[in-house]
Amino acid sequence: MERILREILSKTRINDQQPSTDSIEIEIPKGEGHGDLSTPMAMGLARQLKKPPKKTAEDIVNAIENKEIFDKIEIAGPGFINFVFTRAFLCSEIKSLLKEREAFLTEDIGKGKRIQIEFVSANPTGPMHLGHGRGAALGAALSNLLTEAGYKVEKEFYINDAGGQVRQLGLSVFAKYKQLCGVDYPFPEGGYRGDYVEDLARELKDKYGDEFARKDFDEVSQTIIDFSYLKMLAALRKDLEDFGVFFDSWQSERELYAQGEVVKAIDDLRERGYIYEEDGATWFRSTAFGDDKDRVIVKKDGEYTYFAPDIAYHRKKIEKGFDELIDIWGADHHGYIPRMQAVIQALGCPRDSLRVLLVQMVSLLKGGRPVQMSKRAGEFITLREVMDDIGADTTKFLFLTRRPDSHLEVDIEVAKAQSSENPVYYVQYAHARINSIFEKAGQEAEKPQDSNSKLNPLPVTRYPLLDFNGELFNEEEMRIVKKLLYYPMLLKSAALAHEPHRITFYLQELAGMFHPYYHKYKVVTEDAELSRARLALCSAVQVVLRHGLKILGVEAPERM
RNA sequence: GCGCCUGUAGCUCAGUUGGAUAGAGCAUCGGCCUCCGAAGCCGAGGGUCGGAGGUUCGAAUCCUCUCAGGCGCACCA
C-alpha cells in the first residue's frame, strides 16, 4: 500500500514542482487516529516554498488525482497529511498478498547489485564464543534480508590460517602431545589452555604415535599446526552448520600468500603512491585518508604484519567486482576501520563501498555473576554449549532482538529458565497455531455437510483463499490487515538500514495481535462465508510470519 | 590523555534515520482450559529517556559540554 501511495504522491504537482519519488517520506503512524499511513512531506516542502505548512499540505491534497482508494485524507498537527484507506482497497491488497506471496512482500531495491558479507571469521584456534554466535546470527540474517531485497549476496568466512595464532595453537598441542608421550616439555607462554587442546594432542598421538616425541617443534611444526587448525576449522564449520549458518566461500589467508596476492597488493599500492620505507620498515600511508597514523605492513625483520594479508584480502574482494562490501567485526576491532577504509580508498573505491558493522561484545553471566571469558584461563562458555542448552532458534532469536551495537548481557541461567517461555516460541506458536486451524478447517470441510456450507474442500493450507468477503472483517481483523500490509515497508527499511532486528520486533508484534484475536474469535464457525474470510486472514498472517522467520534463520514449525 | 560504542520501567531491550500522547518481554500482583493448541489470553502497577545547555514548527533521536560503564589506541594476530 505504501508503494501505491508513493506513486500517487509523486504525481502531485505543487507550484509546478514534482516531488521526486525518493524524497517522499511515508510513515507508519505511531498511534491510531493518525491515519493508516502519513507523510510529513508538506512540512519539508513548506520551507522550500516559503509557505505555511498547512497551506502546503492542502495544496498537496488538492493535487491528488486518484482519491478512490482513500476513505479520508486529513491534515493534522503541524502539517502531517494522514491517509485512511478504504476497506475495499485494503482487502484487495490482502488478496494480492495471498496471490503473489514473496513478490508482494519484497521490493527489488538491490536491482541485482552484488554484495559480499564477511562474517564470523573466527580464528581456528578454539571454539566459538557467544560473540561469534552473535556475528553469525546477524550475518546470516542480513544476507537473507538483502537477498530478499533483490541483492546478490555472497557469504564469506576468512580463515586466519597463516599467522602466529595457529602457530601458537600448534605449539600448545605439541606441548600436550609431548607430555602424553612422557616427555617433559614446557607449555608455551600464552598458549591455549582449553580441554580441546588436550583432545587434539590425544588425536595427534592416536594418529602418529610417538613419531614426534623426540623432535623439536620446528622440525614438525607444519604437520602439527595443520593437523590442529584443520581439526578446529572442521569443528567451527560443524558448529556453524548446526547453528544454521552456511557460507558460500571460505577464503584462506595462506592462499593469499601462496598465490602472491600479498606481494601484488603491496605493489599495487606502491604504484599508486601510498607505500614508503622508513626505519627499515615498509609503511602504508593511511593518513592520506584520515587514519591517525600510517601503518607498518612489513616489519624491520622482514615479516609481514597481520595488516598486509588483510590488504590483499580486501583487494581481492574488490577484484571480484562486488558493488558493496560488508564486514562484520567484533567491536574490539573498531580501531581498524579507518585503516581498512583507507585501503579501500587507496585502491580507488569510494569510502562507503566497505561498510563495517560492529557487533558488540556479549558479556556472560551465570546466575547474576559475570563469567570470565578468557581462552587462556581455559574456562569460557561456548556457542555450542548455549546452543545445546537452549536451542539454535532461541539463541538466534536472542541475538536478533538486539541492535548489533548494543552491549548485550546474557545470563545463561536465566536463558535456560526462560527457554520454554522465550519470545521465539511466541512467534513460532502463532505459526503452528494457524496451521492447526487449517487442519481443523480441513476436517470440517470433509464432514458431510447438511446444507449450505461453502467451505473449500481442498487442502486449504496449500491454496490461497483469494475469494473472501472483506466486508465481514471486524475492527481487530482490520488492524491485523494493516499490520500485514506494513510488512513490505518494514522489510525495505530494515534492508536499507542493514538491521534485521527490526523484523524480529515486527514478528513479535504481529504474533501479539494474532494470539489475542484467536482467543476472542473463532475462525472456523458455522458461517461458511465468515470462516473463509477469517481463514484468508490467518493464511496471510502465516505467510508473513513464515517469511520473517525465514529471514531470521528461525524455523517456522507446523506443530510444536 | 585520545578515539569508538552504550546509558530509556525493578531486569533485558525496542523506538520506523528529526515526527504526533515514549513501547515490548521478563519479573511482581489478580483472574481465564467442557470452547479451532494454556509455549496462549484478560487485567493492574511501574518513566525527570544518565545530567545540563543548544539547534527548530517538533528532540529519546542532531550539536556542545558533562557523568557512568564497556572496548580500543603495536614494527601482536
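Protein chains get the first letters and strands the later ones, always in sequence-line order, with residue 1 at the start of each.
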Whole-Å distance separating the [atom1] atom of [X] from the [atom2] atom of [N]:
X: A:His334; N: B:G3; atom1: NE2; atom2: P; value: 11 Å
X: A:Gln360; N: B:G7; atom1: CD; atom2: P; value: 11 Å
X: A:Arg339; N: B:C4; atom1: CZ; atom2: P; value: 15 Å
X: A:Asp291; N: B:C4; atom1: CG; atom2: P; value: 13 Å
X: A:Ile503; N: B:A24; atom1: CD1; atom2: P; value: 21 Å
X: A:Lys522; N: B:C36; atom1: NZ; atom2: P; value: 5 Å
X: A:Leu358; N: B:G72; atom1: CG; atom2: P; value: 13 Å
X: A:Glu25; N: B:U61; atom1: CD; atom2: P; value: 18 Å

Run the ring pair (Phe, Tyr, Trp, His ring centres under 6.0 Å) test against A:Tyr257 and tell me which residues pass, sequence neighbours left out. A:Tyr304
Test item: A:Tyr192 and A:Leu171 side chains (from C-beta on) under 4.5 Å apart, heavy atoms: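 Counting from C-beta outward, A:Tyr192 and A:Leu171 never come under 4.5 Å.
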Does the side chain of A:Asp292 reach to within under 4.5 Å of the side chain of A:Thr287, using non-hydrogen atoms?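 They are not in side-chain contact.
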Looking across every strand, which nucleic acid part, if any, lies under 4.0 Å from [X] by heavy atom: base, sugar-phosphate, or nothing?
X: A:Ser38; value: base
X: A:Asn82; value: base
X: A:Ala432; value: base
X: A:Tyr521; value: base

On a whole-Å scale, what distance lies between the [atom1] atoms belonging to [N] and [M]?
N: B:A39; M: B:C26; atom1: P; answer: 14 Å
N: B:U56; M: B:C41; atom1: P; answer: 46 Å
N: B:G1; M: B:A20; atom1: P; answer: 39 Å
N: B:G51; M: B:A59; atom1: P; answer: 16 Å
N: B:A22; M: B:C13; atom1: C1'; answer: 14 Å
N: B:C62; M: B:A24; atom1: C1'; answer: 26 Å
N: B:G50; M: B:U12; atom1: P; answer: 14 Å
N: B:G15; M: B:A60; atom1: P; answer: 15 Å

Its glycosidic angle compared against 90° from 0, B:C67 adopts the form anti
Chi class for B:U17: syn within 90° of 0, otherwise anti: syn
Could you note down all residue pairs passing salt bridge (charged side-chain N to carboxylate O under 4.0 Å, His left out) where residues 534-544 of chain A supplies at least one of them, sequence neighbours left out? A:Glu477-A:Arg534
Using a cutoff of under 3.5 Å, can you pull out all pairs of nitrogen or oxygen atoms linking the protein to nucleotides 54-59 of chain B, with atom names and distances?
none

Where each pair must be Watson-Crick or G-U wobble with both distances under 3.5 Å, what dot-bracket representation of RNA chain B is obtained, with crossing pairs in [ ] and other-strand partners as |? (((((((..((((.....[...)))).(((((.......))))).....(((((..]....))))))))))))....
Is the A:Tyr426-A:His515 ring centre distance short of 6.0 angstrom? yes
Measuring centre to centre across the rings, with the benzene-like ring taken for any Trp, is A:Phe289 within less than 6.0 Å of A:Tyr274? yes
Would you please name every residue forming a side chain to side chain donor-acceptor pair (under 3.5 Å) with [X], sequence neighbours left out?
X: A:Glu409; result: none
X: A:Ser172; result: none
X: A:Arg285; result: none

More 5' along RNA chain B: A:Gly77 or A:Ile437, using each one's nearest nucleotide? A:Gly77
Nearest nucleotide by nearest heavy atom, which residue falls closer to the 5' end of RNA chain B, A:Glu253 or A:Lys293? A:Lys293
Show your working on side chain to side chain donor-acceptor pair (under 3.5 Å) between A:His547 and A:Glu148 and close with a plain yes or no. CA-CA 10 Å; A:His547 192 262; A:Glu148 288 299 315; 2.9 Å; yes
Generate the contact string for nucleotides 9-16 of chain B. Rules: B means base contact, S means sugar-phosphate contact only, - means no protein heavy atom under 4.0 Å. ---SSSSB
Can you name the side-chain contact (heavy atoms from CB on, under 4.5 Å) partners of A:Pro78, sequence neighbours left out? A:Met43, A:Phe80
Polar atom pairs between nucleotides 39-46 of chain B and protein, under 3.5 Å, N or O only, would you list them?
residue, atom, partner, partner atom, Å
B:G40, O2', A:Arg433, NH1, 2.9
B:G40, O2', A:His519, NE2, 3.2
B:G40, N3, A:His519, NE2, 3.4
B:C41, OP1, A:Tyr426, OH, 2.5
B:C41, O4', A:His519, NE2, 3.4

Run the salt bridge (Lys or Arg N to Asp or Glu O under 4.0 Å) test against A:Asp393 and tell me which residues pass, sequence neighbours left out.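 Applying salt bridge (Lys or Arg N to Asp or Glu O under 4.0 Å) to A:Asp393 gives none.
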Among all residues two or more places apart in sequence or in another chain, which pass the salt bridge (Lys or Arg N to Asp or Glu O under 4.0 Å) test with A:Asp226? A:Arg254
Pick one: which of A:Lys72, A:Lys482, A:Lys483, A:Arg479 meets salt bridge (Lys or Arg N to Asp or Glu O under 4.0 Å) with A:Asp36? A:Lys482
Shortest non-hydrogen separation from A:Asn123 to A:Leu236 and the atoms involved: O-CD1, 4.1 Å
In a check of side-chain contact (heavy atoms from CB on, under 4.5 Å) between A:Leu398 and each of A:Val386, A:Thr504, A:Val424, A:Val410, which one passes? A:Val410
